[in-house]
Novice: 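Sharing a structure below in structure tokens format, with a few things to ask.
We name chains A, B, ... by the order of the sequence lines, and we start the count at 1 in each one.
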Amino acid sequence: MKALLKTLFGTATALAWVAGVILLANRTLASPARPFTGIIVPGALLIGAALLARR
Amino acid sequence: MSDISVIITSFLTAGVEWVEAFTIVLAVALAIGWPRAVLAAFAALAVLALMTLFGAHAVSAIGSMRVAQFIIAVFLLLFGLRWLAKAIARGAGLKRLHDETAAFAALSHSTALAETHGAMVVGFQGVLIEGLEVWLIVVALGAQTGHTDIAALSAIAALAVVAGAGLALRAPLSRVPENTVKFLVGCAILGFGTFWLLTSLGYDWPIGDSALPALMAFYALGGVAAIGALKASPQ
């Protein structure tokens with residue numbers, strides 16, 4: 001039960017992070033920072049992976 | 001480049017999942033015999049093959065290519081993020097490494113294998129659950145590149161290699177560096193997911209298709225740095 005809850009929480013956290021990254025990508029593409037989207041988005045995903053690893 | 005990336009990513013993803021599936025089939029085979037264990041495994045593989053055909057058809061039925069690209073990218077990002085996070089945690093010592101020998105020992109002593117029908121269900125479920133991740137990657141990479149056949153054949157090749165090695169050894173394949181493979185696969189899947197997500201949102205990559213290997217390298221280097229940082233930080 002504890003393992004299942006942990007898995008569900010991990011999936012929900014990853015889902016929330018990916019949703020946040022998509023919003024960030026959308027905003028960045030519509031802003032003057034558009035050329036840097038290809039760096040900002042992977043950077044945000046890498047930070048997410050490191051934070052999820054620490055959890 | 002994309003085709004080679006699809007072949008390597010599908011092969012490695014499938015390989016690491018088939019290693020875990022083989023451990024389950026081996027435990028089942030030693031409990032109820034090889035014929036029944038193999039039958040259960042083949043039944044699960046048949047379900048996965050049907051799911052692959054259905055999945056590829058469902059993706060191609062989506063009218064807009066950009067919508068299909070976006071949906072596939074979201075799935076790949078979710079999947080890749082979790083794989084990379086898990087590999088970073090294991091690499092940094094925050095999570096125990098997956099041990100095939102221990103998993104085999106635990107399953108062999110399980111009461112679930114005491115009865116023939118129950119053991120066959122364990123074998124079927126084990127292969128199906130491990131194969132679901134393979135299915136997702138084959139459908140996602142295959143549909144997006146238009147080469148589901150290549151992705152599926154890579155997964156089948158990995159199955160042949162793992163089954164061949166496993167049957168020759170008659171033991172869990174515990175020497176396969178699972179965490180390293182999962183780390184590399186996580187980087188590759190995140191690379192594909194990022195590339196297709198931003199492409200579907202209308203971003204023009206300044207270096208074109210070369211952005212794909214560059215993204216994979218970025219995640220690999222960043223992942224190694226994250227492992228180092230997590231190892232150095234106080235728990």
Side-chain angles (χ1 to χ4, degrees), chain A, chain B residues 70-71 73-95 183 186-187 189-191 193-208 210-212 214-231 233 235:
Chain A
M1 188 65 189
K2 198 181 163 190
L4 179 69
L5 282 175
K6 218 176 159 185
T7 304
L8 284 176
F9 184 72
T11 306
T13 313
L15 194 62
W17 196 269
V18 170
V21 168
I22 293 170
L23 288 176
L24 174 73
N26 233 351
R27 288 207 154 207
T28 312
L29 285 170
S31 76
R34 185 184 172 95
F36 303 104
T37 312
I39 297 167
I40 294 168
V41 168
L45 283 164
L46 189 60
I47 292 168
L51 289 176
L52 275 174
R54 217 188 142 89
R55 187 177 55 83
Chain B
F70 179 82
I71 294 169
V74 170
F75 274 106
L76 289 177
L77 289 181
L78 267 176
F79 189 53
L81 195 64
R82 296 216 65 198
W83 268 44
L84 185 60
K86 228 182 246 184
I88 290 173
R90 286 184 171 141
L94 301 176
K95 197 173 164 74
F183 177 84
C187 295
I189 294 172
L190 267 183
T194 311
F195 185 78
W196 287 332
L197 174 79
L198 292 184
T199 304
S200 72
L201 292 176
Y203 181 64
D204 291 319
W205 291 93
I207 52 172
S210 305
L212 185 58
L215 282 166
M216 292 173 184
F218 170 80
Y219 287 123
L221 292 174
V224 169
I227 289 172
L230 287 173
K231 266 185 183 169
S233 69
Q235 303 302 310

Novice: Counting only heavy atoms closer than 4.5 Å, note whether B/A89 contacts chain A via side chain, backbone, both or neither.
Specialist: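 When you check distances to chain A, atoms from both the backbone and side chain of B/A89 fall under 4.5 Å.
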Novice: Could you check which of B/L215, B/L81, B/D204, B/V74 has the highest count of heavy-atom pairs closer than 4.5 Å to chain A?
Specialist: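 Option with the greatest count: B/L81.
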Novice: Which atom names give the shortest non-hydrogen contact between A/R54 and B/L94, and what distance separates them?
Specialist: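 Looks like CA-CD1, 4.0 Å.
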Novice: Using non-hydrogen atoms and a 4.5 Å limit, figure out which bit of B/F70 sits close to chain A: side chain, backbone, both or neither.
Specialist: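 For B/F70, the side chain is the part near chain A, not the backbone.
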Novice: Show every donor-acceptor pair shorter than 3.5 Å between a side-chain atom in residues 33-42 of chain A and any protein atom, with sequence neighbours excluded, or say none if there are none.
Specialist:
residue, atom, partner, partner atom, Å
A/R34, NH1, A/L29, O, 3.1
A/R34, NH2, B/G202, O, 2.8
A/T37, OG1, A/R34, O, 2.5

Novice: Among residues 45-52 of chain A, which residues come closer than 4.5 Å to chain B, judged by heavy atom distances?
Specialist: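 So far as heavy atoms go, A/L45, A/L46, A/G48, A/A49, A/A50, A/L52 are the residues that approach chain B to under 4.5 Å.
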Novice: Using residues 8-27 of chain A as the side-chain source, report each donor-acceptor pair under 3.5 Å to any protein atom, sequence neighbours left out, with the distance given to one decimal.
Specialist:
residue, atom, partner, partner atom, Å
A/T11, OG1, A/T7, O, 2.8
A/T11, OG1, B/R82, NH1, 2.9
A/T13, OG1, A/F9, O, 2.6
A/W17, NE1, A/A44, O, 2.9

Novice: For A/T28, what residues pass the side chain to side chain donor-acceptor pair (under 3.5 Å) criterion, not counting sequence neighbours?
Specialist: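 Applying side chain to side chain donor-acceptor pair (under 3.5 Å) to A/T28 gives none.
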Novice: Give, as side chain, backbone, both or neither, the part of B/L197 having an atom under 4.5 angstrom from any heavy atom of chain A.
Specialist: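 Looking at B/L197, just its side chain touches chain A.
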